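Following: one structure in structure tokens, then a few remarks.
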Amino acid sequence: MQQNHYDILIFDGLGEVSMSSQTVNTVEDIFDSSLNLEDTHYKEGYSEGYTDGLSSGKDEGNQVGLKTGFEVGEELGFYRGCIEVWNAAILVEPTCFSSRVQKNIKQMDELLRKYPFPDPENESATDTIDSLRLKFRTISATLNIRLEYDGYPKASTIDKSGF
């Protein structure tokens, strides 16, 4: 059996070159490596693609999470502001709202306090915010006021307003 020693230069596509030594036992080994070239490139491409995808996926997930967290925080802040205004009105004039409305305001305040801020992925977070929305609509309807949370104005909304 004939043994040959070869030095192989490896180019990684970023201008980096590395060298690998390999001993080939027969002429057939040379052809086997040529036949497996497509499979080798496929595996290398998959590995690089997976690494790049993992990195970009984390970045994209971070951006989506930041945006979603901001929107939820903004909505919860709106509800907190409404509760504070209503409670201030009750302090100034205790009979300004019916006992039923005052009870709903208190329940809404309790819902907001039990929102799982440290663990937003908790399943109760979705249930709590849905309950807050419902309670807010109930209070608004009972007070016969049209008060809605529409979120932060979008660029298209600002353009239409004339500002």
Side-chain angles (χ1 to χ4, degrees), residues 8 10-20 36-163:
I8 299 172
I10 301 171
F11 298 93
D12 68 355
L14 300 174
E16 299 291 323
V17 178
S18 60
M19 193 166 192
S20 172
N36 293 329
L37 189 61
E38 181 181 359
D39 188 48
T40 302
H41 285 291
Y42 174 81
K43 288 178 182 174
E44 287 176 8
Y46 177 85
S47 177
E48 287 177 20
Y50 182 83
T51 303
D52 292 346
L54 189 61
S55 175
S56 65
K58 284 182 181 178
D59 292 342
E60 185 178 341
N62 188 11
Q63 292 300 317
V64 169
L66 183 63
K67 181 180 181 284
T68 303
F70 178 81
E71 290 169 355
V72 169
E74 185 181 46
E75 183 176 2
L76 294 173
F78 173 78
Y79 295 142
R80 170 56 57 206
C82 290
I83 291 169
E84 295 300 323
V85 168
W86 292 329
N87 281 332
I90 292 169
L91 284 174
V92 171
E93 180 59 48
T95 60
C96 67
F97 300 128
S98 68
S99 61
R100 186 170 136 212
V101 171
Q102 289 184 27
K103 178 183 167 191
N104 283 330
I105 292 170
K106 185 176 180 181
Q107 288 172 345
M108 188 172 172
D109 188 28
E110 290 169 1
L111 281 169
L112 193 57
R113 290 183 193 282
K114 77 175 194 177
Y115 184 85
F117 287 101
D119 186 16
E121 293 182 13
N122 187 330
E123 289 182 23
S124 70
T126 304
D127 295 338
T128 302
I129 202 157
D130 288 342
S131 297
L132 277 166
R133 289 175 182 144
L134 183 62
K135 191 61 70 174
F136 178 76
R137 283 190 296 251
T138 302
I139 293 169
S140 297
T142 305
L143 294 176
N144 200 22
I145 57 173
R146 182 169 165 79
L147 185 61
E148 295 179 9
Y149 175 74
D150 290 330
Y152 191 76
K154 308 293 186 260
S156 60
T157 309
I158 293 171
D159 291 342
K160 292 177 185 175
S161 66
F163 291 107

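Values below: every heavy atom of this structure, side chains too, minus hydrogens, waters and symmetry copies. Please read these numbers as outputs of a predicted model, since none were measured by experiment.
S124 OG to D130 CG: the interatomic distance, rounded to the nearest 0.5 Å, is 11.5 Å. Distance CG/N87 to CG/D109: 6.0 Å, rounded to 0.5 Å. Atoms CD and CG, from E71 and L66 in turn, are 10.0 Å apart once rounded to the nearest 0.5 Å.
In this view, F78 and F136, Y149 satisfy the ring pair (Phe, Tyr, Trp, His ring centres under 6.0 Å) rule, not counting sequence neighbours. Annotation: salt bridge (charged side-chain N to carboxylate O under 4.0 Å, His left out) contacts of R100 (sequence neighbours excluded): none.
Under the 4.5 Å side-chain criterion, counting only non-hydrogen atoms from C-beta, I90 is in contact with I105. The shortest distance between side-chain heavy atoms of L76 and L132 falls below 4.5 Å. Looking at I129 and R133, their side chains come closer than 4.5 Å, going by heavy atoms from C-beta outward.
Residues L143 and W86 approach most closely at CD1-NE1, 4.1 Å, considering heavy atoms.
When each of K114, R113, M108, K106 is paired with E110, the side-chain contact (heavy atoms from CB on, under 4.5 Å) condition holds for K106 and for no other.
Between the side chain of T68 and the backbone N or O of G65 there is no donor-acceptor pair closer than 3.5 Å. The closest donor-acceptor contact from the side chain of Q102 to the backbone of C96 lies at 3.5 Å or more, if one exists at all.
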Test side chain to side chain contact (heavy atoms under 4.5 Å, CB included) applied to I139 and F97, step by step: CA-CA 10 Å; I139 293 169; F97 300 128; over 6 Å; no
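Dense packing is recorded around CD of E93, with more than 12 heavy atoms of other residues, nucleotides or ligands lying under 6.0 Å away.
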